[in-house]
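Treat the numbers as computed from the prediction; the structure is a model and nothing was measured. Values below: every heavy atom of this structure, side chains too, minus hydrogens, waters and symmetry copies. Nothing fancy with the numbering, it's 1 onward along the sequence.
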Amino acid sequence: QVQLVESGGGLVQAGGSLRLSCAASGRTFSSYAMGWFRQAPGKEREFVAAINQKGGATYYPDSVKGRFTISRDNAKNTAYLQMNSLKPEDTAVYYCAADSVRYIPTITSPYWGQGTQVTVSS
């Protein structure tokens, strides 16, 4: 089992940058694929980025590709989401997720953080 805690959210102007962190408990962080999802008010939770256990493969939807970068530091039990060129439509609560079974996390993955708010003003 793993516990996840996100941090780094906040208010930023359009075009700005934020770096989110997801700190994981436990000694088996490297056995989990990690992912970031977001949920805006009135919308479903959507996939933002994912990284496999060793960090050699990353995945993004077209909406954030080229602007967001997911990474991980297995020595620090932490995953990151670097967000550049932020847009007002990126405003949402951002969640990290972990999955030790699937190649990358999905909406049905078992472990989730509590979320961190990202607000992008125009």
Side-chain angles (χ1 to χ4, degrees):
Q1 190 170 357
V2 63
Q3 293 183 327
L4 306 173
V5 178
E6 302 97 334
S7 62
L11 174 64
V12 63
Q13 289 187 335
S17 298
L18 281 176
R19 188 195 197 201
L20 306 183
S21 298
C22 175
S25 65
R27 296 176 292 177
T28 58
F29 177 71
S30 60
S31 66
Y32 292 88
M34 299 298 296
W36 289 92
F37 294 74
R38 66 187 181 188
Q39 189 166 19
K43 295 188 177 181
E44 294 185 351
R45 192 169 297 189
E46 64 174 359
F47 169 70
V48 173
I51 189 167
N52 69 346
Q53 284 89 339
K54 293 185 177 181
T58 57
Y59 305 86
Y60 308 92
D62 289 343
S63 58
V64 307
K65 194 174 294 183
R67 300 189 298 123
F68 290 11
T69 302
I70 188 171
S71 61
R72 66 188 298 159
D73 186 337
N74 286 346
K76 295 183 178 180
N77 284 10
T78 303
Y80 305 96
L81 183 68
Q82 178 67 44
M83 305 186 294
N84 299 329
S85 302
L86 282 161
K87 305 174 181 180
E89 52 263 44
D90 294 318
T91 295
V93 178
Y94 283 70
Y95 300 88
C96 67
D99 201 313
S100 62
V101 176
R102 297 178 179 87
Y103 189 64
I104 59 172
T106 69
I107 290 294
T108 59
S109 289
Y111 304 112
W112 293 84
Q114 81 290 348
T116 185
Q117 177 70 47
V118 171
T119 302
V120 184
S121 63
S122 57

Report task. Provide the closest heavy-atom pair for Phe37 versus Pro105 in the form atom of the first, atom of the second, distance. Result -> CZ-O, 3.7 Å
Requested in this report: Measure the spacing between CD of Gln114 and SG of Cys96 and express it to the nearest 0.5 Å.
Outcome: 7.5 Å
Query - Heavy-atom closest pair, residues Ala79 and Phe29 - result: N-CZ, 3.9 Å
Query - Pro110 side chain near Asp99 side chain, heavy-atom distance below 4.5 Å - result: yes
Query raised in the report: With the 4.5 Å side-chain cut-off for hydrophobic clustering, are Ile107 and Val93 part of the same group?
Result: yes
Query raised in the report: Heavy atoms, side chains only, cut-off 4.5 Å: are Ile70 and Tyr60 in contact?
Result: yes
Query raised in the report: Out of curiosity, Gln53 CD to Ile104 CD1, how far, rounded to the nearest 0.5 Å?
Result: 11.0 Å
Query raised in the report: Sub-3.5 Å donor-acceptor pair from the side chain of Glu6 to the main-chain atoms of Gly115, do we have one?
Result: yes
Query raised in the report: Would you say Val120 and Glu89 make side-chain contact, with heavy atoms under 4.5 Å?
Result: no
Query raised in the report: In terms of heavy-atom contacts, does CD of Glu46 have more than 12 from other residues, nucleotides or ligands at under 6.0 Å?
Result: yes
Query raised in the report: At what distance, to the nearest 0.5 angstrom, does CG of Leu81 lie from CZ of Arg72?
Result: 13.5 Å
Report task. Ignoring hydrogens and angles, tell me if any N or O in the side chain of Tyr111 forms a donor-acceptor pair with the backbone of Ser100 under 3.5 Å. Result -> no
Query raised in the report: Which value, rounded to the nearest 0.5 Å, describes the distance between Gln117 atom CD and Thr91 atom OG1?
Result: 7.0 Å
Query raised in the report: Does any non-hydrogen side-chain atom of Cys22 lie less than 4.5 Å from one of Trp36?
Result: yes
Query raised in the report: Is there a donor-acceptor contact under 3.5 Å from the side chain of Asn74 to the main chain of Ser30?
Result: no
Query - Transitive ILVMFWY side-chain link Ile51 to Met83, under 4.5 Å - result: yes
Report summary line: For Tyr95 and Gly113 the tightest heavy-atom approach is CD2-O, 3.6 Å
Query raised in the report: What's the spacing between Ser25 OG and Gln1 CD if we round to 0.5 Å?
Result: 8.0 Å
Query - Cluster overlap Val48 with Val118, hydrophobic side-chain contacts below 4.5 Å - result: yes
Requested in this report: Measure across Pro88 and Ala14 and return the closest heavy-atom pair with its distance rounded to 0.1 Å.
Outcome: CD-CB, 4.1 Å
Report summary line: When every non-hydrogen atom of Arg38 is compared with those of Ala92, the smallest separation belongs to CB-CB, 3.8 Å
Query raised in the report: To the nearest 0.5 Å, how far apart are OH in Tyr94 and CD in Gln39?
Result: 12.0 Å
Requested in this report: With the side chain counted from C-beta on, respond yes when Gln82 and Ser71 share a heavy-atom pair under 4.5 Å apart, and no when they do not.
Outcome: no
**Report entry** Working for salt bridge (charged side-chain N to carboxylate O under 4.0 Å, His left out), residues Lys87 and Asp90
**Finding:** CA-CA 5 Å; Lys87 305 174 181 180; Asp90 294 318; over 6 Å; no
Query raised in the report: Would you say Phe47 and Tyr59 make side-chain contact, with heavy atoms under 4.5 Å?
Result: yes
Report task. Kindly give the heavy-atom pair with the smallest separation between Asn52 and Gly56, and that separation in Å. Result -> OD1-N, 2.9 Å
